[in-house]
Novice: 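One structure follows; several queries about it will come next.
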Amino acid sequence: MSEIPPLPGSAADELLALPPVEELLASAVAVALPMRTRFRGQTVREAMLLRGPAGWAEFAPFGEYEAPETASWLAAAVEAGWRGLGAVGRPRIPINATMPAVGPEQVEAVLRGFGDLDRIPAVKVKVAEAGQSLDDDVARLAEVRRLVPRAMLRADANGAWTRAQALAGAEALADVAGDRLEYLEQPVAGIEPLAALRETLHHRGMTVPIAADEAVRKAEDPLRVARLGAADLIVVKVAPLGGIERALAVVRASGLQAVVSSALDTSIGLAAGLALASRLETPRACGLGTAALLASDVVAAPLIPADGGLDVPQDVDGAATAAGTVRAPAPDERLLAAHRLDAAGQARWRRRLQAAHAGLAGG
Ligand SMILES: O=C(O)CCC(=O)c1ccccc1C(=O)O
Ligand SMILES: [Mg+2]
């Protein structure tokens with residue numbers, strides 16, 4: 001498997017020099033967006049937006065992340081704002097609904113946020129939430145199946161199951177989902193444990209495919225999953241993988257099918273995810289509909305799926321040319337003002353960006 005390119009803007013990158021930190025900070029605005037439902041234990045999503053010569057960019061590593069782990073998130077922002085999101089491939093991407101670990105009584109309202117229920121191609125259901133049981137997961141999945149019987153179903157444990165829980169979980173969820181069960185995403189943490197679980201499932205005649213997420217995006221080597229045969233497909237997120245080109249190289253080198261997924265981005269970050277998905281051959285639905293989980297976004301027309309998919313946002317004149325360029329929507333000034341963090345919040349995010357910049361410059 002071939003090498004993957006360096007982080008955009010890092011010392012090893014010959015194509016794109018890292019802009020000075022002052023240049024990055026000149027346009028930077030940090031915002032806090034309220035969410036409709038709790039997701040990953042959070043009810044607010046914070047993000048920093050930057051404007052470069054090539055367009056708008058997002059720097060939004062999760063709150064618990066620190067440098068140098070945040071360097072790849074900044075590299076993705078530098079790529080977006082200072083190089084651009086690249087060419088349009090497929091112009092429209094099928095999008096899965098994302099179901100947080102809610103009770104069955106909330107399932108319908110969440111699903112409706114992703115548009116006409118009959119058109120939703122797949123639903124990714126969070127399972128293994130702390131403080132909940134497998135019965136809760138089964139009840140949630142059963143309600144999803146009842147409401148969208150034709151949609152494919154994915155269960156994402158975020159690595160929270162033990163091996164024994166994953167074996168029991170796989171069986172119980174397969175019973176509910178039947179032939180609609182598309183894959184289990186990161187049922188257990190780590191790469192070797194994932195490979196071992198997959199093998200055991202196969203020995204037991206359970207053929208449910210396994211997708212790797214954290215095992216790709218948080219691993220030292222994002223290709224180790226593929227080398228060990230630990231998963232049937234990989235979930236890729238642009239920011240933790242250091243940008244579109246790098247994520248694309250990981251997918252190609254892995255030889256596995258990929259599903260592009262958001263990091264609960266604003267519509268600015270989602271545009272980069274769509275740019276990546278646009279250049280993949282896979283017809284699989286992608287997890288880029290998460291603007292539906294936000295109560296408010298930074299752009300006037302958020303990238304919320306309709307009719308089961310999203311159009312890849314392009315340059316206005318892009319449609320007229322043979323190969324259009326992907327372009328993130330510009331934030332709405334009033335929304336930026338409404339959700340702008342206070343001075344302490346701006347200072348905290350500026351420090352995070354500075355630390356990521358130092359990490360990127362050094363690594
Ligand atoms: O893939 C999706 O449907 C939505 C994105 C998502 O689930 C997610 C969002 C933020 C952090 C982690 C994850 C994840 O896939 O585990
Ligand atoms: Mg996941």
Side-chain angles (χ1 to χ4, degrees), residues 33 35-47 58 60-65 69-70 72-73 76 93-102 110-111 113-115 120-130 137 140-141 144 148 151-161 166 182-191 194 209-219 222 225 231-241 247 258-267 269-270 272-274 276-277 282 284-294 303-305 308-310:
L33 303 173
M35 292 163 56
R36 287 187 196 282
T37 7
R38 177 178 292 269
F39 188 73
R40 296 182 79 250
Q42 309 276 300
T43 53
V44 171
R45 178 66 166 122
E46 291 190 357
E58 175 167 336
F62 301 126
E64 70 273 20
Y65 286 25
E69 195 180 2
T70 53
S72 62
W73 297 67
I93 308 299
I95 300 291
N96 68 260
T98 304
M99 185 59 58
V102 297
V110 173
L111 276 183
F114 292 83
I120 295 175
V123 184
K124 169 156 115 178
V125 181
K126 290 287 181 181
V127 297
E129 175 91 348
D137 297 334
R140 185 178 315 116
L141 196 72
V144 171
V148 288
M152 296 306 287
L153 303 173
R154 305 150 171 197
D156 185 0
N158 287 107
W161 274 332
E182 188 179 4
Y183 57 77
L184 295 180
E185 180 170 329
Q186 200 72 49
V188 294
I191 300 174
L194 199 62
I210 301 292
D213 177 9
E214 285 84 350
V216 174
R217 87 178 126 95
K218 295 187 75 101
V225 162
D232 300 278
L233 60 152
I234 57 175
V235 174
V236 287
K237 299 188 197 291
V238 169
L241 285 173
V259 167
V260 182
S261 166
S262 97
L264 203 60
D265 314 317
T266 76
S267 285
L270 290 175
L274 287 167
L276 171 60
T282 54
R284 295 226 192 212
C286 289
L288 296 169
T290 51
L293 299 176
L294 300 175
L303 298 178
I304 291 175
L310 275 170

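Whatever order the structure lists them in is the order used to number ligands and atoms, beginning at 1. Here, residue 1 is the first one in the sequence, and each next residue gets the next number.
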Novice: Tell me whether ligand 1 is touched by K237 - counting only heavy atoms on the residue side and a distance under 4.0 Å.
Specialist: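 It does; at least one heavy atom falls under 4.0 Å.
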Novice: Could I get the full list of side chain to side chain contact (heavy atoms under 4.5 Å, CB included) partners for I304, not counting sequence neighbours?
Specialist: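 Only A291, A292, P302 meet the side chain to side chain contact (heavy atoms under 4.5 Å, CB included) criterion with I304.
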Novice: Is R45 reaching over with its side chain to a backbone N or O of D265, donor-acceptor style, under 3.5 angstrom?
Specialist: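 Absent.
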Novice: Look at atom 3 (O) of ligand 1 and say which protein heavy atom is nearest, naming residue and atom and giving the distance to 0.1 Å.
Specialist: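 The closest heavy atom on the protein side is T98 OG1, 2.6 Å.
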Novice: Could a heavy atom of M99 be found less than 4.0 Å from some atom of ligand 1?
Specialist: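 Not so, M99 does not reach ligand 1.
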Novice: Under a 4.5 Å cut-off applied to non-hydrogen side-chain atoms, are F114 and V123 in contact?
Specialist: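 SC-SC contact between F114 and V123 ruled out.
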Novice: Looking only at distances, please establish whether an N/O atom of ligand 1 is found under 3.5 Å from an N/O atom of T290.
Specialist: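 It does not: no N or O of T290 is found under 3.5 Å from an N or O of ligand 1.
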Novice: Does some side-chain heavy atom of M99 sit less than 4.5 Å from a side-chain heavy atom of L141?
Specialist: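 Of all side-chain heavy-atom pairs linking M99 with L141, none is under 4.5 Å.
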Novice: With a 3.5 Å distance limit and no angle check, can you tell me whether E58 reaches the backbone of T266 through a side-chain donor-acceptor pair?
Specialist: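 A pair under 3.5 Å: yes.
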Novice: With side chains defined as the heavy atoms from C-beta onward, is the minimum distance between P222 and L241 less than 4.5 Å?
Specialist: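 P222 vs L241: side chains touch.
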Novice: Under 4.0 Å, heavy atoms only, figure out whether ligand 1 is touched by the backbone of Q186, its side chain, both or neither.
Specialist: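 Neither part.
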Novice: Mind checking whether N96 contacts ligand 1 via backbone (N, CA, C, O), side chain (CB onward), both or neither, at a 4.0 Å heavy-atom cut-off?
Specialist: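 Within the 4.0 Å criterion, N96 contacts ligand 1 through side-chain atoms alone.
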Novice: Under 4.0 Å from a heavy atom of K126: which atoms of ligand 1 are those, numbered in the order shown and with their elements?
Specialist: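 Those of ligand 1 that fall under 4.0 Å from K126 are 7 (O), 13 (C), 14 (C), 15 (O), 16 (O).
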Novice: Determine whether the side chain, the backbone, both or neither of R45 has a heavy atom under 4.0 Å from any heavy atom of ligand 1.
Specialist: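 No part of R45 is near ligand 1 at this cut-off.
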Novice: Locate the shortest heavy-atom distance separating A211 from Y183; write the atom from each residue and the value.
Specialist: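 Nearest pair, atom of A211 first, then Y183: CB-CD1, 3.6 Å.
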Novice: Regarding T290 and S262, do their side chains bring together a donor and an acceptor under 3.5 Å, going by distance alone?
Specialist: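 A pair is found: one side chain offers a donor N or O, the other an acceptor, under 3.5 Å apart.
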Novice: Under 4.0 Å between a Lys/Arg side-chain N and an Asp/Glu carboxylate O for E129 and R140?
Specialist: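 Looking at R140 together with E129, the answer is no, because their closest N to O distance does not fall below 4.0 Å.
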Novice: Does a donor on one side chain sit under 3.5 Å from an acceptor on the other, for D156 and Q186?
Specialist: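 Result is no, nothing qualifies.
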Novice: What atoms of ligand 1 come closer than 4.0 angstrom to any heavy atom of A263?
Specialist: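 It comes down to these atoms of ligand 1: 10 (C).
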Novice: For T43 and R38, indicate whether the former's side chain and the latter's backbone hold a donor-acceptor pair under 3.5 Å.
Specialist: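 No, the answer is negative, given that no donor and acceptor are paired below the 3.5 Å cut-off.
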Novice: Side chains of K237 and S261: donor-acceptor distance under 3.5 Å anywhere?
Specialist: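 Yes, a side-chain donor-acceptor pair sits under 3.5 Å.
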Novice: Is there any N or O on K124 that sits under 3.5 Å from an N or O of ligand 1?
Specialist: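 Among all N and O atoms of K124, at least one is under 3.5 Å from an N or O of ligand 1.
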Novice: Quick test of your reading of the model: are E214 and R217 salt-bridged, counting only N-O distances below 4.0 Å?
Specialist: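 The answer is yes: the pair qualifies as a salt bridge.
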Novice: Looking only at protein heavy atoms, which one is nearest to atom 16 (O) of ligand 1, and what is the separation?
Specialist: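 Residue, atom and distance for the closest contact: N158 ND2, 2.6 Å.
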Novice: For ligand 1, does D156 get within less than 4.0 Å through its side chain, its backbone, both, or neither, judged by non-hydrogen atoms?
Specialist: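 Contact part for D156 vs ligand 1: side chain (C-beta onward).
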Novice: Taking 2.8 Å as the limit, list every protein N, O or S atom around the Mg ion (ligand 2), by chain and residue number.
Specialist: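 Listed by chain and number, the nearby protein N, O or S atoms are D156 OD2, E185 OE2, D213 OD2.
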Novice: For atom 12 (C) of ligand 1, grab the closest protein heavy atom and report residue, atom and distance to one decimal in Å.
Specialist: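 Looking at atom 12 (C) of ligand 1, the protein heavy atom closest to it is R217 NH2, 3.6 Å.
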Novice: Would you mind checking which non-hydrogen protein atom is closest to atom 11 (C) of ligand 1, with the distance to 0.1 Å?
Specialist: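 In this structure, atom 11 (C) of ligand 1 has R40 CD, 3.3 Å as its nearest protein heavy atom.
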Novice: Could you tell me which atoms of ligand 1, counted from 1 in the order shown, lie closer than 4.0 angstrom to a heavy atom of D213?
Specialist: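 Answer, ordered by atom number: 14 (C), 15 (O), 16 (O).
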Novice: Below 4.0 angstrom from a heavy atom of S261, which ligand 1 atoms are there? Numbered from 1 as shown, please.
Specialist: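 Those of ligand 1 that fall under 4.0 Å from S261 are 1 (O), 2 (C), 4 (C), 5 (C), 6 (C), 15 (O).
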Novice: Tell me which part of L288 gets within contact of ligand 1: side chain, backbone, both or neither, using heavy atoms under 4.0 Å.
Specialist: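 Under 4.0 Å from ligand 1, L288 contributes no heavy atoms.
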Novice: Tell me whether R154 is salt-bridged to E182, with the criterion being a basic N under 4.0 Å from an acidic carboxylate O.
Specialist: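 Looking at R154 and E182, the cut-off is met.
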